[in-house]
Structures are given as structure tokens and as C-alpha cells.
Asker: 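Okay, handing you the structure first.
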Number of protein chains: 2
Amino acid sequence: MVKPTVHDIAKEAGVSLATVDRVLNARPGVREKTIAKVQAAVEKIGYVRDTNAANLARQKLYRFAFVLPEGPSQFTDTVKAGLGEVVSSQLVDRVAIKVLTVPSYDPHAVVRSLQTINAARYDGVALMVPETPQIRDAISHLKEEGLAVVTMVSDLPHSTRDYFVGVNSIAAGRTAGLLMGRFLPGGGEVLVVTNSLRSRDSLERRLGFDAVVAEGFPKLSVLPTVESFDDPARLPDVIKDVVKTRPNLVGVYSMGFGNTAVLSALRETGRLSDLTVIMHELTPAVRQALVDNEVAAVITQNVGHLVRSAIRVLRGLCDQQPIYDAQERIRIEIVLRENLPY
Amino acid sequence: MVKPTVHDIAKEAGVSLATVDRVLNARPGVREKTIAKVQAAVEKIGYVRDTNAANLARQKLYRFAFVLPEGPSQFTDTVKAGLGEVVSSQLVDRVAIKVLTVPSYDPHAVVRSLQTINAARYDGVALMVPETPQIRDAISHLKEEGLAVVTMVSDLPHSTRDYFVGVNSIAAGRTAGLLMGRFLPGGGEVLVVTNSLRSRDSLERRLGFDAVVAEGFPKLSVLPTVESFDDPARLPDVIKDVVKTRPNLVGVYSMGFGNTAVLSALRETGRLSDLTVIMHELTPAVRQALVDNEVAAVITQNVGHLVRSAIRVLRGLCDQQPIYDAQERIRIEIVLRENLPY
DNA sequence: TCATAAATGAGGTACGTACCTCTTGTCAAG
DNA sequence: CTTGACAAGAGGTACGTACCTCATTTATGA
């Protein structure tokens with residue numbers, strides 16, 4: 001009762017090894033009838049391809065480019081770290097990964113960077129970029145070149161990308177809204193801070209947040225979004241102003257960019273300890289704030305999963321294999337002070 | 001710049017392939033100096049063992065037994081499903097897994113079952129069993145036979161088991177306590193329900209829960225634990241009684257066994273919608289209750305991770321390889337209505 | 001019925017590692 | 001100077017799959 005091999009299939013189906021190989025690897029030159037015969041044999045003896053041997057034999061190298069926003073973002077750093085770990089730890093093998101950083105606030109620069117990517121040097125691309133028409137065009141171009149394209153974290157649904165890897169931002173916003181409402185049954189005003197609502201995920205988070213609060217927590221009123229527009233220096237004054245002029249402010253929802261700046265601004269107002277703060281993305285600064293009881297909860301996604309999923313999907317696309325959506329779904333994680341991962 | 005192989009090490013270190021092999025696989029017959037030379041070469045050229053080739057070459061099969069509690073437990077069912085998935089999906093290969101179910105309430109039966117496990121048929125065992133002296137002895141016996149032994153979900157810290165795979169129950173209890181406190185800033189009485197405090201994880205959850213409530217939420221008072229002692233029929237009456245006689249009851253913390261019974265008992269009291277309910281383990285019934293807004297939050301652990309981790313650890317133990325604790329740490333997940341995994 | 005193309009067979013090599021045997025070299029104790 | 005133990009080299013086979021070439025069979029259409 002050992003594990004059956006291709007030889008066993010050949011014997012069972014009464015064909016040669018070469019034919020079995022052709023069927024298994026979907027190569028041409030086999031009659032329909034013979035294909036069926038081989039597949040029946042596979043079913044019957046329960047053959048499963050030995051991926052170790054297969055990977056060893058097919059000395060293929062997948063060359064993927066990861067396009068990430070540049071600049072001092074702790075979240076992006078985490079993603080880069082995750083990528084580095086994945087590559088070094090051999091958890092995913094036969095992949096060569098090149099990280100390209102682009103100034104995400106400058107769509108033209110992003111496009112220029114995407115234009116340097118071509119089929120001669122890469123088999124696939126993972127993108128963490130904003131949503132603009134130019135970038136959508138650049139993605140179309142990449143697809144025409146024959147590259148596999150996935151978007152990460154923030155999607156570009158109306159582009160020709162093959163797949164999106166990341167959490168449902170609306171659900172993430174809804175989760176934040178639910179937590180905020182549950183934490184503040186007495187009601188009051190909630191401030192929402194983000195980098196820019198031009199970024200799709202921010203917008204969707206806000207939508208989800210508002211929807212849940214409106215449905216379930218009428219005592220809570222959500223103030224208009226404060227945007228930093230990629231300039232963290234802009235935030236402190238606005239935040240301080242809101243905190244000062246709004247005595248009923250009870251909560252702050254920071255949607256994930258410039259969390260460090262948001263935190264220090266809040267600290268300066270001296271009212272941080274009275275506020276229920278919920279943030280996105282578990283970066284080092286946010287983690288510390290959680291430990292210090294400054295932040296009530298963090299909504300995050302596991303970057304390790306994110307990165308591995310992107311790689312799996314890219315590989316699947318290159319091999320024209322089906323993608324199991326269920327396996328690629330990234331969880332919306334809730335982190336409190338007491339369940340901080342080590 | 002291709003991936004270096006053992007041949008490259010041999011060339012770099014100026015030794016033969018056989019010697020490199022001896023060093024890499026820690027076989028005897030190599031001088032200290034030579035070992036150092038080879039290791040230096042490995043470092044220098046950045047060699048990493050090709051696990052595909054290694055696994056292919058070493059045609060070893062790991063035979064593991066999983067001992068799980070029998071009976072109609074939704075949680076156990078989930079674990080079994082996870083095991084089935086792992087085995088079938090080839091995510092972990094070269095492992096043959098046999099599931100043994102035991103009546104966990106009968107330590108003697110558990111011991112008898114463990115006695116059927118021997119080194120001739122298995123290389124390792126994963127146990128999900130209660131903590132009794134007899135079972136500890138049985139574990140010692142398994143270790144003497146030379147088997148790798150890991151405990152899952154609930155630990156037996158004073159046994160000779162090699163490793164524990166699961167969450168820190170105290171932290172899980174603390175997380176539940178923190179959520180309960182945050183959800184109920186007005187204070188009131190909280191009922192705690194469990195199967196039995198004889199089970200180590202239940203006891204620790206309770207400890208963690210109480211600690212956080214005492215530290216941070218003085219307005220909350222935790223009532224004595226209600227135990228079902230493996231008899232779900234016992235619960236309804238007690239629960240109904242408490243709910244009836246305690247007008248200040250605001251929350252219920254169910255620590256993970258018989259959640260279905262707890263839920264239906266609470267439903268019958270008609271006060272479920274006024275209560276903040278927190279439960280452990282995301283089973284189908286609990287999931288539905290979450291969707292229906294009957295349960296506020298669920299603390300759970302990813303059984304997929306749990307099972308894969310157990311297998312990884314068992315394999316590492318068989319190979320006498322170091323175990324990376326950080327990788328094997330199971331997260332304490334918080335699930336609300338809005339971040340339910342699909 | 002034969003030419004031609006398509007389908008299949010036979011047999012090989014390669015991937016990188018594990019593990020085996022047999023041989024040669026080295027060095028020190030007797 | 002031998003003996004023996006140990007270190008190291010040389011060279012092999014095996015794992016299961018991918019992919020290649022070349023020969024041969026079978027089917028198809030004129």
C-alpha cells in the first residue's frame with residue numbers, strides 16, 4: 001500500500017509512461033479516449049502527484065515583482081519583512097522575488113515603474129498601488145505582455161488584474177464600527193482619520209464603519225473624515241483642533257496610514273486616556289500603544305498570509321491552475337492587549 | 001547566480017561530496033576542523049538545503065496517531081475535519097495519520113487506548129486528553145517506547161510530553177475578560193459556564209478571565225462557575241435558575257464545552273437578547289448564534305493551524321530538529337459578527 | 001490501398017539530496 | 001614498522017517527476 005506513482009498509472013491504464021506524462025501535464029498528442037483511460041486509472045488507484053519530485057524535476061523559477069509604496073510606512077515595512085522571511089525560509093520555493101518601491105502618491109511615477117516590468121524578466125507582479133486610470137492602463141499593458149497580475153491590500157476592481165489578495169475592506173470597516181459601538185454603549189462623537197479617501201480601501205472601510213454605526217449604534221455620531229493626504233505633518237493640528245472643540249468626542253478610528261502621527265497628536269491633547277481608539281494594521285508603534293492601553297483594539301491582517309497568498313496565486317496563475325478562493329481569503333484579525341501575538 | 005548545491009559546498013570547502021553530506025546530516029566520521037570548514041562554506045555561499053530533493057531522497061514516512069475525544073462535540077468534529085483536509089490536500093506530505101477516538105471522561109479507557117500505541121506502528125502521537133495521573137503514566141510509557149508526544153489544545157505540563165500545541169489558556173481567558181469588561185462598562189454580574197474545571201484549559205481560562213476583570217473592571221462581579229461535568233442535560237436548569245434569580249446578570253462567559261446546550265438554555269429564559277455572551281470555539285452552532293446577534297464575541301483558535309502545527313512539531317521531533325516556538329504559536333482569534341471567516 | 005499525420009511507446013537524462021560501499025590517506029600507539 | 005582506528009574521497013544508486021528524442025503503431029482521408 002505505498003503511494004502510487006506514474007508507473008502505476010501506466011500499468012493500470014495499459015499505456016506507456018510517456019502517455020501518462022502527456023495526460024498529466026496536459027500536453028497535446030493524446031486521444032480523448034486515452035486521456036479518459038488514464039484519468040480513470042488516476043482516480044482508481046488514487047494517484048496524487050508528488051510535488052516534491054515534480055518541483056525538483058521541473059526546474060522552473062517563478063520571477064515575481066512586488067510593487068510596494070515607498071516612504072516611511074511601518075505597514076509597508078512589515079510587508080517587506082514578510083516577503084523577506086518567505087523568501088529566505090524556503091516555505092515557498094522556486095520563486096525569485098524583486099521588490100520595487102514606488103512613490104504611491106505620484107501615479108505617473110508608479111506607471112513609469114510598471115513600464116519597466118516586462119515578460120522577459122518577470123512572470124508575475126503583485127501590486128500595492130492606488131487606483132487611477134493611468135495605473136489601470138499600465139495593468140492592462142502588463143496583462144497584454146502575458147504577466148500574471150494580482151493586487152494586494154487595496155484592489156483595482158475595474159482593471160484587468162487577475163486576482164485580489166487582501167481583506168474585504170468593507171467588512172474590516174464594519175468590524176471596526178461594531179467594536180466601536182460595543183465599546184461605547186453610552187454614545188458620543190467619533191473621529192475618523194485616514195490618509196486619503198481616494199484610496200479604495202480607506203473609502204470602503206469608512207463605508208463599512210458608517211453603515212454599522214448607523215444600523216446598530218444610533219447614539220454614536222461619526223464626524224467627517226480627517227484626511228492627511230500623504231502628509232503626516234498635516235494631521236496633528238486638525239486632530240488637536242477636533243479634540244479641543246468637541247467635548248463629546250469619545251472615540252477615534254484611524255484607518256491605517258500615519259498611525260504613529262495620529263497617536264502622538266492624540267497624546268499631546270492629554271485626552272488620549274479618555275478616548276476609545278481603534279486602528280488598522282498592527283505595526284510596532286501601534287503594538288506598543290496597545291500594550292500601554294492607549295489603543296483599545298487593532299484591526300489587522302496577517303502580512304505573512306497576505307504575502308504567501310499572493311505568491312501562491314501568482315504561481316497558480318502562471319501554471320494556469322485553478323485558484324481556491326477559500327484558501328486565499330485573508331482573515332480580518334482583531335487584536336486587543338490580551339491577545340497580542342508574540 | 002543559481003541556487004548553490006551540495007556540490008558547490010564541496011568545491012568551496014575543498015572536500016568531497018561525501019564529507020559535505022556527513023556534515024550536513026550530522027553523521028559521524030568528520031574532524032571538527034573539517035566540519036567547521038564545511039559550515040563556513042555553507043555560510044559563505046548561502047547554501048540552503050533543497051527540501052524537495054531532500055524529502056524525495058529520504059523516502060521516509062511519518063506515522064502519527066491523533067487521539068481525540070469521542071462523542072458529539074462540535075469542536076472535535078472541526079479538528080477531525082481539519083485533519084482530513086490536511087491529509088488529503090498534500091499540504092503536509094510523507095505523513096500517515098490515524099485518528100483514534102477515546103471516551104475522554106473515562107481515564108481508564110483513554111489509557112487502554114494509549115497502550116495500543118507502540119513504536120512498531122507509530123512514530124509519534126498527538127493527544128487531546130484530560131489531565132489525570134494515569135494518563136501521565138501512559139505518556140511516560142509512550143516516551144519510553146521512543147515515540148514523539150505532543151499535547152494539543154489542553155496541556156499536561158507535568159507529563160513527559162515533548163511539546164504543547166495550542167493557545168495559552170490564561171491569555172485566552174484574559175482576552176475574554178477584557179472583551180466582557182469593555183462591552184459592559186456599566187458593570188453587573190457575569191455568569192461563567194464550563195464543562196469541568198478539572199480540565200486544565202478551563203481552569204486557566206477562568207483564572208485569566210477573573211484576573212482581568214478584577215484588575216480592570218471593578219464594576220463587574222463574576223459569579224461562581226457553573227460546571228456541567230460532561231452532562232449537558234445538567235446545564236439548562238442551573239442556567240435558568242441563575243438567570244431568573246439574578247436581575248443584575250449582564251453577561252455570560254461560556255468556556256467552550258456544550259455551547260449548544262448553553263445557548264438553548266439561555267434562549268429559553270427569554271433574556272438572551274439583553275445578555276452579552278462570549279464563548280469559546282467557533283463551531284457551527286456558535287457561528288449561527290453570532291450571525292443572529294445572540295453571541296457578542298467568540299474566542300477561538302484556528303484548527304487548521306493547530307493540526308498543521310502538531311504535525312510539524314511531531315515531524316521535527318522525529319528528526320531531532322529544533323522547533324521554532326514562534327512559528328508554532330497558535331493565535332487567540334476574536335470573532336465578531338462582522339469578521340466571521342467565510 | 002497507400003500516404004500522411006496523429007498517437008503512442010521505449011528509453012533516456014536531469015533535478016538535488018540521502019545514503020551506501022569501497023578505497024585511500026593519516027597518525028599515533030605498540 | 002606494523003596495526004588499527006578514524007577521516008576523507010570516489011563513485012555509485014535511488015527517490016518520482018518532467019521533458020526530450022526517436023522509433024513505431026494506429027487512424028484518417030483521398
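Chain A is the first sequence line, chain B the second, and so forth, proteins listed ahead of strands; every chain is numbered from 1. Predicted, not measured: the structure shown is a model, and the values here were computed from it.
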Asker: B:R22 CZ to D:dA7 P: how many Å, rounded?
Answerer: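 Interatomic distance, CZ of B:R22 to P of D:dA7: 10 Å.
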Asker: On DNA chain D, check which nucleotide each of A:L56 and B:G14 is closest to and give me the residue with the more 5' one.
Answerer: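 Its nucleotide being nearer the 5' end, the pick is B:G14.
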Asker: Quick check for you: name the first and last nucleotides of DNA chain C, 5' to 3', having an atom under 4.0 Å from a heavy atom of chain B.
Answerer: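 In short, chain B contacts DNA chain C from C:dG16 to C:dC19.
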Asker: Quick one: salt bridge (charged side-chain N to carboxylate O under 4.0 Å, His left out) pairs with a partner in residues 21-31 of chain B, sequence neighbours left out?
Answerer: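 For residues 21-31 of chain B: B:D21-B:R27.
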Asker: So what is the end-to-end bend of the helix from C:dT1-D:dA30 to C:dG30-D:dC1, with 5 pairs used at each end and the value given to 10 degrees?
Answerer: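 Axis angle across the helix from C:dT1-D:dA30 to C:dG30-D:dC1, nearest 10°: 30°.
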Asker: Who passes side-chain contact (heavy atoms from CB on, under 4.5 Å) against A:A109, sequence neighbours left out?
Answerer: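 By the side-chain contact (heavy atoms from CB on, under 4.5 Å) rule, A:A109 matches A:P103, A:D106, A:R112.
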Asker: State, without any angle test, whether A:T151 and A:D155 hold a side-chain donor-acceptor pair at a distance under 3.5 Å.
Answerer: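 The answer is yes; a qualifying pair exists.
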Asker: Which residue pairs satisfy the ring pair (Phe, Tyr, Trp, His ring centres under 6.0 Å) criterion with at least one member in residues 138-161 of chain A, sequence neighbours excluded?
Answerer: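 Of all non-adjacent pairs touching residues 138-161 of chain A, none passes ring pair (Phe, Tyr, Trp, His ring centres under 6.0 Å).
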Asker: When you compare the side chains of A:Q74 and A:E281, does any donor N or O come within less than 3.5 Å of an acceptor on the partner?
Answerer: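 Side chains of A:Q74 and A:E281: no pair found under 3.5 Å.
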Asker: Output the distance between atom CD (A:Q115) and atom CD (A:E145), rounded to the nearest 0.5 Å.
Answerer: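 Separation between the atoms: 10.5 Å.
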Asker: Strictly below 4.0 Å, heavy-atom distances to any atom of DNA chain D: list the hits from residues 24-36 of chain A, or just say none.
Answerer: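 A:N25, A:R27, A:R31, in order of number.
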Asker: With distance as the sole criterion, is a donor-acceptor pair present between the side chains of B:N25 and B:R49 under 3.5 Å?
Answerer: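 Note: B:N25 and B:R49 side chains meet the donor-acceptor criterion.
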Asker: Say whether B:E328 and B:S309, considering side chains only, have a donor N or O and an acceptor N or O under 3.5 Å apart.
Answerer: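 B:S309 and B:E328 do have a side-chain donor-acceptor pair below 3.5 Å.
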Asker: Within a strict 4.5 Å, meaning less than it, do heavy atoms of the A:V335 and A:P341 side chains meet?
Answerer: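 Side chain of A:V335 against side chain of A:P341, heavy atoms only: contact under 4.5 Å found.
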Asker: Before you tell me yes or no, could you show the steps for B:F164 and B:V150 under side chain to side chain contact (heavy atoms under 4.5 Å, CB included), namely the whole-Å CA-CA distance, both residues' side-chain angles and the distance that decides it to 0.1 Å?
Answerer: CA-CA 6 Å; B:F164 166 62; B:V150 307; over 6 Å; no
Asker: Identify, between B:A18 and A:T5, the residue whose nearest nucleotide on DNA chain D lies closer to the 5' end.
Answerer: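 On the 5' side of the pair lies B:A18.
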